[in-house]
Number of protein chains: 2
Amino acid sequence: MSELKYSYKYPHPAVTADCVIFGFDGVSIKILLVKRGIEPYKGKWAFPGGFMRIDETSEECAKRELDEETGLKTSSVEQFYTFTDVHRDPRERVITIAHIALVRLSEVKGGDDAEVARWFAQGDIPSLAFDHDHILRMALKTLKERICFEPIGFELLPEVFTMSELQNLYEAILEVKFDRRNFYNKMLKLGILSEAEPRSADASRRTPSKYKFNATKYAELKQKGFRLEF
Amino acid sequence: MSELKYSYKYPHPAVTADCVIFGFDGVSIKILLVKRGIEPYKGKWAFPGGFMRIDETSEECAKRELDEETGLKTSSVEQFYTFTDVHRDPRERVITIAHIALVRLSEVKGGDDAEVARWFAQGDIPSLAFDHDHILRMALKTLKERICFEPIGFELLPEVFTMSELQNLYEAILEVKFDRRNFYNKMLKLGILSEAEPRSADASRRTPSKYKFNATKYAELKQKGFRLEF
DNA sequence: TAACTTTGTGTAAAATTAACGCAATAAGCT
DNA sequence: AGCTTATTGCGTTAATTTTACACAAAGTTA
């Protein structure tokens, strides 16, 4: 009555997919963690993730685990590094394909059990299970690099946003400060923003213009190979 | 007398590490392929690689396979993407962690069996085994990105090189042409080059200056976070 | 020998980036 | 209500960087 039904000539590592989930509340970056309910590292916070099934790709696995553990559904899931340290899991040899997921906080319904899944501010992350501290460092580094090549920010912002929100996002991810007016000019000149509404006449100075992401224009730019410089 | 000695409760994919090996002959990029001696894809060209052992990381595996299949030893091996398509190997479920290796052609001794391993010019690659065509496309894309952040070129060039060789390398990787004088100025201003010899007095105009990579200066630059713009 | 290539060293114009000014007006405070 | 502060749109100017070429010396090729 052995439960070990799957046998191989050579040892096979287990393969998992983990998800580093980023959100943005208009001011700072948030990261979603789940509290582990079982050993090892029971009670510690970790990234959602789990064992890859034999008939799914790592991205499919990451999305499935994300949904199962947090109820979030997002199309923006992409691998960024595979962690293969021999002793990263005390149970058996496990390698994990780590993914970055971007979700719109504005679309997240608050129904989650806060004891199980919680958003943490970037500077407020507790020590994590497994090698997830290491995974987090790599994820943050990757996010910084990607934001210069792809307008990933638009996956984090609501459909319609202000220039200040966009700037806050870039500043939060890149950990720098920009001059508001120069940032404004640079973004507009890029051409990947369109004004959401034609700025109503009664709008006063203090009411900011609303923008949205222009996917068509971005596709053209991407074709030529562009890069955001900061 | 079953040979299936390793058993698990759930199915485990096999994990391999593959190596896309780049070399540079002073003019163009070369890629090292090995001819497969066994099925599947027997007789087809492929990247060196093989199954990861249970006690080694993917990089250790990549280096070991590289050595075993081609006799090359290089320290510059780094993963760039993990390929997880469900049917990428007809035998069983195999995911592969793909690596980029950079080797100095000047240090490669020609003793290899040309029937088994051969350098191909970049535009001259035959159709490859498995999903290795896909892997190659990704590797070339990754190389283009990395060369803007790290002076990986210096792993491909001999210890001492001329400015033209360096420019040829950048042009080959990025598939663009630069103005010779502007490239020269930009590279010198960066400060990561030192003159190898103080340009002998009898050297005529046609004898180019020799440079080498200044690792100290690069470390300083890297600290600040730099980027090569092209 | 003539035509061409390769190398070192420039320079001037064009484009981009960085730094900052200012007025209008909403919001906060007493 | 009156005062201060913060936010937004729209500029300008100076510094820096990028781009496009010029030219002479000296090998190489035909």
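What you see below is based on every heavy atom in this structure, not just the backbone, and it leaves out hydrogens, waters and symmetry mates. Proteins get letters first, then strands, A, B, ... in listed order; numbering begins at 1 in each. These figures come from a predicted structure and were not determined experimentally.
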Considering only nitrogen or oxygen atoms on both sides, find all protein atoms under 3.5 Å from nucleotides 1-3 of chain C and state each distance.
none

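- Between A/F213 and A/F161, the distance separating the two ring centers is not shorter than 6.0 angstrom.
- Between the CZ atom of B/R206 and the P atom of D/dG27 there is a distance of 9 Å, rounded to whole Å.
- Between A/S164 and D/dT7 there is no side-chain polar atom (N or O) within less than 4.0 angstrom of OP1 or OP2.
- Side chains of B/F24 and B/L157 form a contact here, defined as non-hydrogen atoms less than 4.5 Å apart.
- The number of heavy-atom neighbours closer than 6.0 Å to NZ of A/K212, taken from other residues, nucleotides and ligands shown, is 12 or below.
- In this structure, B/E171 and B/F183 have side chains that are not in contact, with every pair of non-hydrogen atoms separated by 4.5 Å or more.
- Judged by the 6.0 Å distance and 45° axis criteria, A/R118 is positioned over the aromatic ring of A/F120.
- Side-chain contact between A/L188 and A/Y211 is present, with heavy atoms from C-beta onward closer than 4.5 Å.
- Residues forming a side chain to side chain contact (heavy atoms under 4.5 Å, CB included) with B/L102 (at least two apart in sequence, or on another chain): B/F22, B/S76, B/I100, B/L143, B/I152, B/E155, B/L156.
- With sequence neighbours left out, B/Q122 forms a side-chain hydrogen bond (donor to acceptor under 3.5 Å, both in side chains) with no residue at all.
- For B/K73, the side-chain hydrogen bond (donor to acceptor under 3.5 Å, both in side chains) criterion is met by B/D67, not counting sequence neighbours.
- The closest side-chain heavy-atom distance from B/F130 to B/T96 is not below 4.5 Å.
- The stretch residues 177-194 of chain A touches DNA chain D through A/R180, A/R181, A/Y184, each having a heavy atom under 4.0 angstrom from the strand.
- Rounded to 10 degrees, the angle between the two end axes of the helix from C/dT1-D/dA30 to C/dT30-D/dA1 is 30°, with five pairs used at each end.
- Taking atom CG of residue B/L166 and atom C1' of nucleotide C/dT7, one finds them 15 Å apart after rounding to whole Å.
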